[in-house]
Amino acid sequence: MTANDTTMDAGFRREVAGWLNEHLTGRFEPLRFRGGPGDGDAFPDLRKEWERELAVGRWSCIGWPEEYGGRGLPVPLQIAFHEEYARAGGPGRLGHIGEGLIGPTLMAFGTERQKQRYLPPIVAGREFWAQGYSEPGAGSDLAGLKTRARRDPSTGQWRVTGQKVWTSLAHVSDWIFVLARSEEGSVGREGLSFLLMPLHQPGIEIRPIRQINGGEEFNEVFFEGAVAEAEDIVGKPGDGWAVAMALLGFERGISTLGQQMTFAHELDLVVEIARENGSLRQPAIRRRIAQSWAGLRAMRYNAARMLSGFGKADLAREALGYKYYWSHWHRDLGKLAADVLGVEADVVTGDPRRERLQQLFLFSRADTIYGGTSEIQLNIIAERGLGMPKEPRGKA
Amino acid sequence: MTANDTTMDAGFRREVAGWLNEHLTGRFEPLRFRGGPGDGDAFPDLRKEWERELAVGRWSCIGWPEEYGGRGLPVPLQIAFHEEYARAGGPGRLGHIGEGLIGPTLMAFGTERQKQRYLPPIVAGREFWAQGYSEPGAGSDLAGLKTRARRDPSTGQWRVTGQKVWTSLAHVSDWIFVLARSEEGSVGREGLSFLLMPLHQPGIEIRPIRQINGGEEFNEVFFEGAVAEAEDIVGKPGDGWAVAMALLGFERGISTLGQQMTFAHELDLVVEIARENGSLRQPAIRRRIAQSWAGLRAMRYNAARMLSGFGKADLAREALGYKYYWSHWHRDLGKLAADVLGVEADVVTGDPRRERLQQLFLFSRADTIYGGTSEIQLNIIAERGLGMPKEPRGKA
Amino acid sequence: MNLDLTSEQEMIREAAVGFLTERAGPAALRRAAEAGSGYDRALWDAIGRELGWCALAVPEEYGGMAMGAFDMALLAERMGQALLASPFFATVCLAAPLLVHAGTAGAKETYLPAIAAGELEATVGLSALGGVWWPDAGAVAAGVTARPDGAGFRLDGRLPHVPDGATAGLILVPARIEGGGIGVFAVTPAASGLTVRPLKTIDVSRPLADIRLDGVAVGAEALVSDPALVAAGLARALDEAALALAAEQVGVAQGALDGTLAYIAERVQFGRAIASFQAIKHRCAELMVRIEVARSAVMGAARLAASGEDPQAAALEISAARALATDAAFLAAQEAIQLHGGVGFTWEYDPHLYFKRAQASGAWLGGADDHLDRIAAVVCPA
Amino acid sequence: MNLDLTSEQEMIREAAVGFLTERAGPAALRRAAEAGSGYDRALWDAIGRELGWCALAVPEEYGGMAMGAFDMALLAERMGQALLASPFFATVCLAAPLLVHAGTAGAKETYLPAIAAGELEATVGLSALGGVWWPDAGAVAAGVTARPDGAGFRLDGRLPHVPDGATAGLILVPARIEGGGIGVFAVTPAASGLTVRPLKTIDVSRPLADIRLDGVAVGAEALVSDPALVAAGLARALDEAALALAAEQVGVAQGALDGTLAYIAERVQFGRAIASFQAIKHRCAELMVRIEVARSAVMGAARLAASGEDPQAAALEISAARALATDAAFLAAQEAIQLHGGVGFTWEYDPHLYFKRAQASGAWLGGADDHLDRIAAVVCPA
């Protein structure tokens with residue numbers, strides 16, 4: 001009911017659905033609907049194999065230019081792919097950070113050597129990446145980074161010391177890109193460098209962070225003189241901020257748009273459970289379901305407007321508020337799911353449908369925090385979207 | 001249903017109700033339920049007579065000490081009076097600013113002459129007061145006042161020039177107390193003086209402000225060399241801020257507590273109309289009525305807690321948020337009333353019950369603005385109630 | 001779904017912005033209201049006869065431009081933003097779609113060309129302006145009875161709130177026909193037995209009239225609806241009207257927010273522009289998000305409605321758009337008053353004009369609660 | 001209504017604050033949860049046997065202190081604030097009032113002194129822990145049937161979510177008696193035919209058990225309810241339990257807010273303490289207002305309930321308190337996670353403990369929607 005097809009790209013969609021139907025089966029069957037947000041630490045080894053399966057089918061990096069091993073598909077088809085992938089219950093993509101973030105960054109800023117070394121294993125699903133931005137003292141405010149990189153004058157290597165946090169899936173990844181302070185005494189956005197580092201080396205320790213839903217998909221990563229090779233700096237020393245911000249811009253939410261299919265499934269599941277346990281008779285529940293449905297339709301059309309505006313230089317108004325909207329919508333859906341479950345929301349029953357709603361309830365709490373908290377989003381919307389005065393920095 | 005008696009003070013309540021029943025009749029009959037917020041310009045002359053009627057019955061200034069002509073009644077009985085007054089449909093009190101604000105201020109800060117000159121006419125319902133604080137450039141931020149007072153060295157008189165705004169009922173009042181800048185070049189809270197001035201004099205012009213509900217109970221008051229006599233300064237020159245703030249503290253919401261009875265009547269009326277026009281069948285309307293009822297009960301008990309805490313030096317937590325809560329509750333009730341009326345909310349029908357709800361809808365918009373906007377309230381709650389950092393002033 | 005605007009649509013929008021900025025807006029509304037006419041005759045003539053906007057919703061064979069629901073939504077949004085006082089909504093968004101979707105060929109030929117040319121002001125007399133047309137469109141005809149009388153009919157009933165009812169030259173009246181079925185009847189203001197009483201409204205941009213029919217005799221030709229089309233046609237016409245109303249509300253919300261932003265950027269308190277306070281910034285940002293989302297919902301529903309592909313799906317999306325736009329308009333207007341502070345509840349400043357329009361429009365053609373109920377009935381039948 | 005605290009009440013409150021601050025709180029909860037017992041035995045013994053809090057709700061003739069609903073609310077609030085994991089709620093707030101209001105003299109004599117002395121852990125097995133007891137208290141007994149069998153009964157049915165059901169020494173089971181009426185039966189965990197399955201709960205402070213009764217044979221003395229009192233007594237006991245739960249939730253809200261304020265006062269972003277951002281200040285201020293209002297509602301309802309004067313009016317006010325407290329607790333816990341930022345959704349920090357407790361408690365004994373429905377049924381009968 002809530003999911004919806006478009007008549008465009010029907011052939012392509014059938015192709016995707018057909019391939020998934022054929023391959024997301026057998027030994028990959030347990031992966032269906034797994035590994036999503038809040039469940040990111042499920043079946044890491046099997047999901048790596050799945051990434052290779054996708055690569056063999058040429059379904060990895062479909063938006064990348066053909067010269068880098070992609071298919072160069074236009075945005076609408078990329079979205080169609082993500083939607084069909086979500087509809088089929090395709091598992092959370094371990095290759096996402098490589099495909100969506102570091103790959104495009106290297107295409108734009110990397111040396112020829114970096115492109116040749118790092119892009120093919122991403123396309124092939126053989127190397128997995130983690131992101132090293134946030135630090136315990138610098139969450140929303142990345143300019144406060146303290147992790148430092150010092151160049152060894154003899155070898156040209158960078159020695160990195162410090163701590164990163166919220167690195168999703170670092171424990172199952174191979175490489176990490178790190179934003180570190182390479183100029184002694186620099187502050188704010190100055191003096192940062194963007195480094196590529198292997199995660200499995202003596203100077204790096206990875207500790208899992210347990211989440212409120214019990215999962216462990218985030219980590220703290222401790223660097224104690226860990227090494228990045230001289231040729232593994234992206235951009236010039238001191239230009240790290242520009243590279244890092246550009247990277248955040250590359251991921252313009254195309255994979256996020258696919259998540260609407262997941263949202264629709266979740267809403268369907270809420271309705272299903274509400275009908276089964278009788279809470280659908282409560283008018284306030286019915287009203288919230290209707291509001292949720294209306295919000296999801298609006299979200300879909302909002303995304304369509306964003307796509308229409310793709311290629312425009314500035315982020316359009318509808319795009320500025322998108323993350324804020326979907327994250328709050330989703331958090332509200334999680335609360336609705338818990339209220340529909342009632343007392344059962346508190347009980348671990350082993351019923352996979354109920355567990356999915358419990359995870360939705362708990363993990364959607366993170367949606368309004370990661371990838372820029374709602375508070376940061378609202379600052380940006382007010383300042384860039386409405387031209388209101390900038391929030392002053394403190395002096396502390 | 002929604003109104004509620006307490007068993008305390010039953011005898012006193014009967015006395016009040018009996019007197020009102022006997023006197024709020026005949027020529028005063030048209031005043032029932034009139035002259036409240038949003039309707040403040042109704043029947044000013046008749047309401048002045050009503051104030052004198054109250055005075056004759058010794059129902060004015062019942063909380064004032066007996067030496068100043070009051071009854072010295074304790075707070076619970078004052079509240080009981082206000083509740084019975086509201087229940088009987090007693091009209092908005094033209095004497096409120098005199099009784100609740102300037103009277104107590106003069107008792108605390110006034111000279112013996114000032115007390116003898118100004119208190120008796122307030123008790124007798126013969127002189128009415130207006131408040132001259134806000135200015136066009138200084139609404140929430142009173143420290144930005146610009147109206148200036150200059151002393152005539154020969155006569156000792158103060159000459160006042162400037163503009164006040166939001167002076168309720170200035171056009172039907174006799175006196176105004178004015179906070180004005182008496183020290184040339186002073187800024188902020190320094191150099192202000194608190195002056196008593198007759199409103200009917202050549203240097204004062206009063207212009208009504210039309211409100212969104214069509215009424216005109218507020219005014220702009222323009223001063224062009226208007227005179228305050230030398231003996232009509234309260235406190236010392238330059239001490240005006242302290243006097244003004246103390247004045248705001250005297251009115252600790254006792255008459256506001258009485259308004260809960262009015263709120264209860266309004267909610268009853270909403271239910272009545274909803275039943276008549278069928279909107280009571282809509283579950284969302286029923287839910288909002290229930291929420292409103294719950295909020296009103298809580299408001300009542302919140303007030304009871306405030307009273308239990310009366311006499312404590314600091315404003316208790318429950319008191320700090322009271323204005324914010326009731327004003328938003330009331331604004332929501334206004335919206336509920338309009339939604340219950342549906343299309344009829346837009347039509348002037350001549351039906352007094354519907355008009356009362358329309359006025360409620362429109363005028364409750366002012367509740368969250370006057371007497372300290374909600375934004376100021378939240379600042380105060382956060383800073384005084386929760387000890388959070390103070391909002392920095394700008395330098396502009 | 002492609003929500004890009006074509007260059008033609010961009011043109012319409014820009015022309016509308018230019019024209020409405022110059023000729024409409026709060027000041028023009030105040031002048032029209034003070035003149036007592038309810039709307040500015042010259043402005044309406046310019047819209048209907050010079051700009052040709054009245055032709056938008058009319059098929060080409062009747063002199064129209066057949067631009068459809070999407071273009072109409074673009075225009076209606078700008079009209080809402082400008083608080084346009086005009087019989088446009090009643091004529092073009094309410095009466096014209098009813099003739100288009102439910103009318104007989106003869107009725108279309110008689111009335112549509114005049115509407116398209118901006119020469120006829122029309123309206124629809126619903127039994128309840130706030131009522132719903134689902135699950136059974138007959139509900140909107142419940143207040144009037146048509147009794148066959150010779151070759152014609154006699155109409156009896158009451159239409160308590162008819163938009164522009166006191167100025168319209170044509171009143172389309174849905175009625176229950178004695179002996180079965182519903183029909184839409186064309187009634188002119190001069191008809192004997194018709195009493196039209198203009199109402200005083202709080203929202204001065206939206207005139208209403210109370211109309212009574214006491215044995216109004218009409219000929220057979222006054223039955224303008226095609227019996228085969230009337231139920232579905234009424235529903236579809238009212239859906240399209242609700243969509244236009246939702247689009248207007250997005251505009252009302254945008255107008256209220258824009259005015260607020262302009263005010264608080266200038267107004268200084270505590271030595272700072274009000275707009276520099278973070279709590280205010282966040283509230284404005286939240287409004288912007290709500291408005292953009294409501295706008296997206298309107299655009300998507302309009303595209304689907306314009307395609308004509310799936311009227312039932314479109315109807316549900318229109319209800320979604322309407323619920324979102326109603327809330328956005330009210331909240332933006334509420335915040336406009338609040339953030340203006342003291343002057344926000346004066347007659348002199350503009351927030352109340354948006355506020356009254358937001359509330360009044362929100363009650364027309366089903367309130368937000370009704371539209372959510374409609375969604376729930378389909379998405380989660382009990 | 002006087003909501004001043006007597007000096008005795010101030011003493012109770014201060015003793016509770018002191019004891020619970022030292023012995024309970026998030027860290028203690030984590031230790032208890034990790035120990036797997038669900039609660040800290042020594043802490044419970046201290047509460048029941050040293051402090052004597054279990055005696056509060058029990059009449060003096062059965063060894064209690066008969067302090068009533070108001071004192072209970074004061075204590076429950078502090079327990080909620082400390083996220084106390086303990087069989088206190090099930091024993092003292094749920095089972096004891098049921099015996100007091102619906103029990104036979106014999107049953108009271110048998111069980112109340114042991115409860116008062118902190119020597120008996122008891123609970124109530126409701127057919128649905130989230131269900132309502134109005135308009136007919138029989139609903140809470142719908143899941144279990146009592147069939148007369150000789151001098152005694154045989155009980156069959158299921159109680160899917162019994163608070164502290166796996167550790168209680170006494171389970172009070174409301175059941176439908178074949179042949180008419182409802183009764184409350186005392187069942188011990190050792191009873192043959194009784195299957196108790198501890199459940200894994202997300203809120204670790206609140207153990208639940210799934211209990212099945214398959215032909216559990218009990219003697220006549222197991223029917224502990226007085227037939228004349230049982231319907232009203234069940235309703236009143238559940239109202240009192242709901243009130244205690246509401247008081248707990250006010251405490252949960254306060255605890256969540258206090259922890260948040262402490263965190264954001266220290267945590268610096270953009271060179272400023274997070275607490276200095278106005279948008280954050282306003283949200284915290286709004287929470288404080290909500291919490292104070294919910295606390296007022298609880299105190300008022302508790303005073304009325306304690307007076308025993310008008311149980312029906314008290315019931316409605318308890319529903320009001322419950323609806324307000326449920327929302328306040330959830331919102332405060334939601335904001336606690338949000339304002340902690342990244343660490344807010346880690347296991348290591350405390351917000352999730354409040355959050356899970358807020359949601360779990362909100363579903364017990366009627367959700368906020370149910371309580372609003374109950375109010376609407378009286379305040380605005382359709």
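Within every chain, numbering begins at 1; the chains are lettered A, B, ... in the order of the sequence lines, protein sequences first and strands thereafter.
- B:I381 contributes atom CD1, which lies 11.0 Å from atom CG of D:L287 (distance to the nearest 0.5 angstrom).
- Applying a 4.5 Å heavy-atom cutoff, none of the residues of residues 242-249 of chain D approach chain B.
- For B:E375, the parts lying near chain D are the backbone and the side chain together; criterion is any non-hydrogen pair under 4.5 Å.
- Contacts between residues 334-344 of chain B and chain D, counted as heavy-atom pairs separated by less than 4.5 Å, involve no residue at all.
- When the heavy atoms of residues 273-292 of chain B are compared with those of chain D, the residues falling under 4.5 Å are B:R275, B:L280, B:R286, B:R287, B:I289, B:A290, B:Q291, listed by number.
- Contact of the D:R303 side chain with the B:Y301 side chain is not registered, since no non-hydrogen atoms from C-beta on lie closer than 4.5 Å.
- Looking at D:E292 and B:Y322, their side chains never bring a donor and an acceptor atom within 3.5 Å of each other.
- Residues of residues 274-285 of chain D having a heavy atom under 4.5 Å from any heavy atom of chain B, listed by number: D:A275, D:S276, D:Q278, D:I280, D:K281, D:H282, D:C284, D:A285.
- Interatomic distance, OG of D:S296 versus CE of B:M299, reported as 11.0 Å (0.5 Å rounding).
- The side-chain heavy atoms of B:L320 and D:M288, taken from C-beta on, include a pair separated by under 4.5 Å.
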### Task
Mind running side chain to side chain contact (heavy atoms under 4.5 Å, CB included) on B:M388 and D:L261 for me, showing each step along the way?
CA-CA 8 Å; B:M388 299 177 85; D:L261 290 170; 3.9 Å; yes
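- Side-chain contact between B:W293 and D:L316 is present, with at least one heavy-atom pair separated by less than 4.5 Å.
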